[in-house]
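Shown next, in structure tokens, is the structure this report addresses.
Atoms within each ligand, like the ligands themselves, are counted from 1 in listed order. For the single chain, residues carry numbers from 1 onward in sequence order.
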Amino acid sequence: MNTIILAAGKGTRMKSGTPKVLHPVCGRPLLRYVLDVVQSVGSLKICVVIGHQGEHVRRFLGKGILTVVQRRLLGTADAVRCAQKILRSSSGDVLILCGDTPLLKKETVRSLVRKFRRTKADGIVLTAEVGDPSGYGRIVRDWQGRMTAIREEKDATEEERRIREINVGVYCFKARALSAALKKVKLNPVKKEYYLTDVIGVLSRRGAKIETYLTGEPQEGWGVNSREDLAAAQQVLRQRFLRYWMAEGVTIEDPQTTFVEADVRIGRDTVIRPFTVIEGNVRIGSRCVIGPFTHLRPGTRLADEVQIGNFAEVSRSRLGTKTLMKHFSFAGDAEIGRHVNIGAGTVTANYDGKNKNKTVIKDNAFIGSDSILVAPVKVGRGAMTGAGCVVKKGQVVPDGGVIVGVPGRIIKKI
Ligand code: UD1
Ligand code: CA
């Protein structure tokens with residue numbers, strides 16, 4: 001099986017300088033979700049049809065995935081034809097999806113492919129029953145219940161518009177049947193496009209065997225076309241990820257105000273308190289307490305039993321076991337050991353206007369309230385900084401040392 005992902009559309013309604021499929025949802029571009037599904041199902045070759053700002057999409061895809069540029073946006077049938085030329089396989093099966101459906105689940109696509117194979121069909125269409133079908137292609141069936149066509153809303157009769165079974169936009173075809181049918185697709189006079197959905201009518205008239213597979217969860221078919229859709233999709237995915245972490249043994253006190261992006265990892269018995277934002281590739285150990293009001297940014301690694309509290313932000317930093325940072329603090333580019341206490345209001349001044357510099361704090365250190373650590377600095381094992389101390393750039397507090405004042409003076413060495 002080969003796979004074609006359609007992603008050449010302009011995404012006009014996004015009103016954006018960024019191609020639609022690269023807009024992030026829970027920290028990952030829309031297209032990433034579709035690729036994950038495709039890669040889990042397994043296919044020989046993957047070809048993404050790109051158009052508008054295709055270079056950006058190609059750069060995101062990297063190696064191993066084919067792309068083809070659809071020069072003129074002549075519709076979904078034309079997009080598939082472009083991909084077919086690249087894939088150059090007249091035999092085998094083709095899976096077709098759109099790049100803007102991040103809620104689609106792996107299991108659903110796997111079931112679709114399984115039914116396609118089991119029924120030895122020439123084609124299969126993923127459908128969903130929705131409350132409001134507007135904007136989607138409707139599944140038209142004959143008196144025996146067999147699908148005879150997909151009717152786009154603009155071309156549908158009054159009666160057809162009332163059909164609530166819609167085309168999700170995911171299909172499987174025998175490559176040979178698809179190529180033959182694509183040749184017969186005519187330009188749609190209303191939209192001046194070649195519709196992939198017209199392939200169903202062509203195949204049906206030829207007596208080909210076409211099946212449908214109905215998803216249990218209509219949301220899966222949501223396509224993102226506007227910023228409002230983007231927010232709605234984010235809402236659904238966010239709750240999906242949170243449910244996953246709860247099932248894995250993480251306490252999420254308030255899922256409504258907790259934002260955990262797709263690539264975050266969290267250990268068992270960790271508690272995430274309300275109003276917390278955790279981004280990118282953050283790794284959190286077991287039995288930690290995070291929040292309320294905590295912001296963890298990419299590159300952050302927390303060992304076990306770490307506690308981060310109110311208005312604390314951690315970015316590109318490591319915190320060792322049992323380290324505490326409980327009140328309004330910032331740690332950026334910091335390497336912090338175990339059993340360290342970071343006093344309220346502590347700030348790592350990691351940026352000097354040109355470079356981001358490192359702060360190293362060794363095990364058992366005690367950082368007094370309102371300390372400013374002007375990086376690069378190093379605070380030794382068991383060392384202490386006094387309240388309000390400014391540790392100067394380049395300064396090294398020896399193991400067991402005590403530093404106080406502005407600028408910091410070392411008053412005791414052990
Ligand atoms: C399409 C389906 C509709 C289905 C809906 C599901 C057709 C004609 N209609 O409608 O039945 O209910 O998806 O979301 O297929 N694209 C290209 N090249 C083009 C045009 C589109 O690559 O020339 C891509 C778009 O980037 C997008 C996908 O194809 O990823 C679907 O196109 P879109 O214009 O969003 O189709 P819909 O009107 O939503
Ligand atoms: Ca769409």
Side-chain angles (χ1 to χ4, degrees), residues 3-14 16 18-23 29-31 33-35 37-38 47-54 56-58 67-84 86 96-104 123 125-130 132-140 147 149-156 160-161 163-171 173 178 181-182 185-202 212 214-215 218-226 229-230 232-233:
T3 298
I4 300 171
I5 300 175
L6 307 180
K10 270 213 202 80
T12 318
R13 278 170 286 170
M14 295 296 284
S16 174
T18 304
K20 179 170 85 177
V21 292
L22 294 189
H23 278 263
L30 291 173
L31 187 53
Y33 291 94
V34 180
L35 280 172
V37 168
V38 166
C47 179
V48 180
V49 185
I50 56 178
H52 189 67
Q53 290 190 316
H56 296 288
V57 182
R58 187 177 288 151
T67 54
V68 60
V69 179
Q70 185 188 14
R71 299 253 166 250
R72 289 196 297 152
L73 297 182
L74 292 174
T76 42
D78 179 69
V80 170
R81 261 186 232 129
C82 293
Q84 290 278 66
I86 297 288
I96 303 173
L97 313 91
C98 299
D100 62 357
T101 52
L103 304 182
L104 196 64
V125 178
L126 182 63
T127 73
E129 294 266 8
V130 295
D132 174 16
S134 49
Y136 290 100
R138 313 292 207 277
I139 306 297
V140 180
M147 175 173 59
I150 298 176
R151 196 82 68 227
E152 292 307 307
E153 182 155 273
K154 287 203 170 105
D155 311 308
E160 284 167 342
R161 278 180 199 206
I163 300 173
R164 293 196 302 114
E165 189 186 8
I166 57 107
N167 168 29
V168 168
V170 181
Y171 325 78
F173 292 103
L178 175 65
L182 278 172
V185 170
K186 295 195 189 75
L187 188 75
N188 180 281
V190 183
K191 243 193 130 187
K192 303 278 185 279
E193 281 185 4
Y194 295 92
Y195 286 173
L196 175 60
T197 43
D198 284 351
V199 158
I200 301 303
V202 172
T212 55
L214 183 72
T215 62
Q219 274 177 342
E220 277 192 71
W222 281 6
V224 171
N225 297 310
S226 62
D229 294 341
L230 197 68

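- Taking CZ of Arg58 as the start and CD of Gln53 as the end, the distance is 13.5 Å to the nearest 0.5 Å.
- Those atoms of ligand 1 with a heavy atom of Leu74 less than 4.0 angstrom away are 23 (O).
- Heavy-atom proximity to Ala7, at under 4.0 Å, picks out these atoms of ligand 1: 22 (O), 26 (O).
- Looking at Thr76 next to ligand 1, an N or O pair under 3.5 Å apart turns up.
- Between the CE atom in Met147 and the OG1 atom in Thr212 there is a gap of 6.0 Å [rounded to 0.5 Å].
- Which parts of ligand 1 touch Ala8 is read off a 4.0 Å heavy-atom cut-off, strictly below it: atoms 17 (C), 18 (N), 22 (O), 26 (O).
- Annotation: Gly135 places no N or O atom under 3.5 Å from an N or O atom of ligand 1; distance criterion only.
- When each atom of ligand 1 is checked for a heavy atom of Thr197 under 4.0 Å away, the hits are 7 (C), 8 (C), 9 (N), 11 (O), 15 (O).
- Under 4.0 Å from ligand 1, not a single heavy atom of Lys20 appears.
- Between atom 28 (C) of ligand 1 and the options Gly75, Cys98, Pro133, the minimum heavy-atom separation is to Cys98.
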Please step through side chain to side chain contact (heavy atoms under 4.5 Å, CB included) for the pair Glu165 and Leu214, ending with a clear verdict. CA-CA 9 Å; Glu165 189 186 8; Leu214 183 72; 4.2 Å; yes
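- Looking only at distances, a side-chain donor or acceptor of Gln70 sits under 3.5 Å from a matching main-chain atom of Gly75.
- Where the criterion is an N or O separation shorter than 3.5 Å, residue side chain and backbone included, Leu6 meets it with respect to ligand 1.
- Note: Ile96 CD1 to Thr76 OG1 = 9.0 Å, rounded to the nearest 0.5 Å.
- Among Asp78, Val168, Val199, the residue whose heavy atom sits closest to atom 6 (C) of ligand 1 is Val168.
- Proximity of a side-chain donor or acceptor of Lys20 to a complementary backbone N or O of Gly9 within less than 3.5 Å is not detected.
- Taking the charged nitrogens against the carboxylate oxygens, Arg138 and Glu153 do have a contact shorter than 4.0 Å, which makes a salt bridge.
- Considering only non-hydrogen atoms, atom 25 (C) of ligand 1 lies nearest to Gly9 out of Ala128, Gly9, Gly221.
- Just one residue in the list Ser16, Pro29, Pro102 forms a side-chain contact (heavy atoms from CB on, under 4.5 Å) with His23, and that residue is Ser16.
- To the nearest 0.5 angstrom, Asp78 atom CG is 12.0 Å from Arg71 atom CZ.
- Looking at Asp100, Val21, Asn167 and measuring to atom 12 (O) of ligand 1, the nearest heavy atom belongs to Asn167.
- Close approach to Ala79 involves these atoms of ligand 1, each under 4.0 Å from a residue heavy atom: 17 (C), 18 (N), 22 (O).
- The main-chain N or O of Leu182 is found under 3.5 Å from a side-chain atom of Arg81 such that the two form a donor-acceptor pair.
- The atoms of ligand 1 that sit less than 4.0 Å from any heavy atom of Gly137 are 3 (C), 4 (C), 11 (O), 12 (O).
- Using a 4.5 Å cut-off on side-chain heavy atoms (C-beta onward), Glu152 and Asp198 make no contact.
- Taking every heavy atom of Tyr195 and a limit of under 4.0 angstrom, the matching atoms of ligand 1 come to 8 (C).
- Where the criterion is an N or O separation shorter than 3.5 Å, residue side chain and backbone included, Glu152 meets it with respect to ligand 1.
- With a heavy-atom cut-off of 4.0 Å, Glu193 does not touch ligand 1 at all.
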